[in-house]
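Owing to the predicted nature of the structure, the values given are computational and were not obtained by experimental measurement.
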Amino acid sequence: MPGGRLSQHERQQIALGLADGLAYAEIARRLDRPTSTITREVMRNGGPTAYRADLAHRATERRAHRRRQAAPPGPQAPSQAHGRDAEAVREYEEMFTTLLMQQGLPKMMSRVLTCLYTADAGSLTASELVQRVQVSPASISKAITFLESQGLIRRERDDRRRERYVVDDDVFYQGTIAGARANAQLAEVARQGVSVLGPDTPAAARLESIARFVDFIAESISRAAEQAREILYTKPRAASGDTAAPGSGRE
């Protein structure tokens, strides 16, 4: 597949494809580009409903100009771990951040969460986040407080007594359960409105319908989260006959 940056004509074709309701894979096939290229292009420039070819092209030119101006003379930045392409990683992180923002997460919180998701260790200290995101410690602290309140990260201390911020399997589970509880609260409040507005009124019928729907969704999410945790994250137990410690002399 051809490499290099997207041309303005290609961006126009992307915009036309989105307007026609085409999937990213189909747009990519027509342009003979990787699907990931089209996905990154759209997500970093407003998403499928707000993408504009002219604005996307100008934004790309501005980003390239800023990178040329910011590039310091002398030795290059250290290479990425595992032989990763630094530019591809940066573009992926930008795409991921944009997606989180489109789902309602504020920009700084999205950037911090993306850093944690893409860190091999799954955890970073405040100073490491400051270095990676290039913002003030106060901005990181505010983002961490928000993410923790939403159940999206947790805190722990490492062997040097430094506070680390973690995303792991348990955080995903707890965040999902927290979302289900929020839906259950919505259902409860909707049902309270039924008695306030009168059980035989159109408004009350609407609220009862909302409550029933949200209740069903919340119960389904909770059940699925419990099943996923048990199936995906539970370590297999040792066989009952294999309980002897290594080197115990048991034959």
Legend entry - Salt bridge flag under 4.0 Å for residues Arg229 and Asp170: yes

Legend entry - Euclidean distance, Asn45 CG relative to Thr98 OG1, rounded to 0.5 Å: 8.0 Å

Inset, instruction - Could you tell me the separation between the CZ atom of Arg44 and the CZ atom of Phe96, rounded to the nearest 0.5 Å? - result: 15.5 Å

Inset, instruction - Grab the two heavy atoms, one from Val166 and one from Val171, that are nearest each other, plus how far apart they are. - result: O-CG2, 3.7 Å

Legend entry - Test salt bridge (charged side-chain N to carboxylate O under 4.0 Å, His left out) applied to Glu156 - qualifying residues, sequence neighbours left out: Arg154

Legend entry - Distance-minimising heavy-atom pair for Ala143 and Met108: CB-CG, 4.0 Å

Inset, instruction - Mind checking the CZ-NE2 spacing from Arg52 to His57? Nearest 0.5 Å is all I need. - result: 14.0 Å

Inset, instruction - Walk me through it: do Leu105 and Gln150 pass the test side chain to side chain contact (heavy atoms under 4.5 Å, CB included)? - result: CA-CA 10 Å; Leu105 206 59; Gln150 300 301 305; 5.6 Å; no

Inset, instruction - Examine the side chains of Glu163 and Tyr165 and answer whether a donor and an acceptor come within less than 3.5 Å of each other. - result: yes

Legend entry - Side chain Glu208, main chain Ala205, donor-acceptor under 3.5 Å: no

Inset, instruction - Applying side-chain hydrogen bond (donor to acceptor under 3.5 Å, both in side chains), run through Thr97 and Ser110 and close with a yes or a no. - result: CA-CA 5 Å; Thr97 298; Ser110 298; over 6 Å; no

Legend entry - Path from Val189 to Phe213 over hydrophobic side-chain contacts below 4.5 Å: no

Inset, instruction - Answer yes or no: are there more than 12 heavy-atom neighbours, outside Phe216 itself, under 6.0 Å from its atom CZ? - result: no

Legend entry - Stepwise side chain to side chain contact (heavy atoms under 4.5 Å, CB included) check, Arg111 with Val135: CA-CA 11 Å; Arg111 294 179 66 190; Val135 295; 4.0 Å; yes

Legend entry - Pairwise distance CD(Glu94) to CE(Met43) - rounded to 0.5 angstrom: 11.5 Å

Legend entry - Flag, side chain of Thr201 to backbone of Gly198, donor-acceptor distance under 3.5 Å: yes

Inset, instruction - Would you give the length of the straight line joining atom CG of Leu152 to atom CG of Leu113, rounded to the nearest 0.5 angstrom? - result: 6.0 Å

Inset, instruction - With rounding to the nearest 0.5 Å, note down the distance linking OG1 in Thr37 to CD in Glu10. - result: 9.5 Å

Inset, instruction - Look at atom CD of Glu230 and say whether more than 12 heavy atoms of other residues, nucleotides or ligands are closer to it than 6.0 Å. - result: no

Legend entry - Main-chain N/O of Ser123 paired with Arg164 side-chain donor or acceptor, under 3.5 Å: yes

Inset, instruction - Mark yes when over 12 heavy atoms from residues, nucleotides or ligands other than Arg155 sit less than 6.0 Å from its CZ; otherwise mark no. - result: yes

Inset, instruction - Examine Val130 and Ile153 and state if one hydrophobic cluster contains both, with Ile, Leu, Val, Met, Phe, Trp and Tyr joined whenever side-chain heavy atoms are less than 4.5 Å apart. - result: yes

Inset, instruction - Please examine the side chains of Ile38 and Arg33, heavy atoms only from C-beta on, and report whether any two atoms are closer than 4.5 Å. - result: yes

Inset, instruction - Could you go through the side chain to side chain contact (heavy atoms under 4.5 Å, CB included) check for Ile144 and Leu129 one step at a time? - result: CA-CA 10 Å; Ile144 288 297; Leu129 283 167; 4.0 Å; yes

Inset, instruction - Heavy atoms only: give me the nearest Arg191-Ala211 pair and the separation to one decimal. - result: CG-CB, 3.5 Å

Legend entry - Close side-chain approach of Arg162 and Arg157, heavy atoms under 4.5 Å: no

Legend entry - Main-chain N/O of Phe146 paired with Ser149 side-chain donor or acceptor, under 3.5 Å: yes

Inset, instruction - Would you indicate whether the side-chain heavy atoms of Tyr92 and Thr114 approach each other to under 4.5 Å? - result: no

Legend entry - Within one Ile-Leu-Val-Met-Phe-Trp-Tyr cluster: Tyr173 and Ile221, side-chain cutoff 4.5 Å: no

Legend entry - Stepwise side chain to side chain contact (heavy atoms under 4.5 Å, CB included) test for Met109 and Val112: CA-CA 5 Å; Met109 291 64 173; Val112 169; 5.9 Å; no

Inset, instruction - State, to 0.1 Å, how close Ala25 and Thr35 come at their nearest heavy-atom pair, and which atoms those are. - result: CA-OG1, 3.6 Å

Inset, instruction - Kindly work out whether a path of hydrophobic side-chain contacts (I/L/V/M/F/W/Y, heavy atoms less than 4.5 Å apart) joins Leu147 to Ile177. - result: no

Legend entry - Heavy atoms of other groups near Arg160 CZ, more than 12 under 6.0 Å: no

Legend entry - Intermediate values then yes/no, salt bridge (charged side-chain N to carboxylate O under 4.0 Å, His left out), Glu26 and Arg29: CA-CA 5 Å; Glu26 176 60 20; Arg29 187 189 65 78; 2.7 Å; yes

Inset, instruction - Using distance alone, with no hydrogens and no angle criterion, decide if Ser136 and Ser139 have a side-chain donor and acceptor under 3.5 Å apart. - result: yes

Legend entry - Gln131, CD atom: more than 12 neighbouring heavy atoms under 6.0 Å: no

Inset, instruction - May I ask you to say whether Asp120 pairs ionically with Arg84, meaning some side-chain N is under 4.0 Å from a carboxylate O? - result: yes

Inset, instruction - Let me see the working for Glu93 and Thr118 under side-chain hydrogen bond (donor to acceptor under 3.5 Å, both in side chains), right down to the final yes or no. - result: CA-CA 8 Å; Glu93 290 177 342; Thr118 56; 3.2 Å; yes

Legend entry - Validation row: Ile14, Leu6 side chains within 4.5 angstrom (heavy atoms): yes

Legend entry - Atom of Ser222, atom of Ala180 and distance for their closest heavy-atom approach: OG-CB, 3.3 Å

Inset, instruction - For Ala203 and Leu197, work out which heavy atoms get closest and say how close. - result: CB-CD1, 3.7 Å

Inset, instruction - Verify the cluster assignment for Ile140 and Tyr117: are they in a single hydrophobic cluster under the rule of side-chain heavy atoms below 4.5 Å apart? - result: yes

Inset, instruction - For the pair Arg90 and Glu87, find out whether any cationic side-chain nitrogen is under 4.0 Å from an anionic carboxylate oxygen. - result: yes

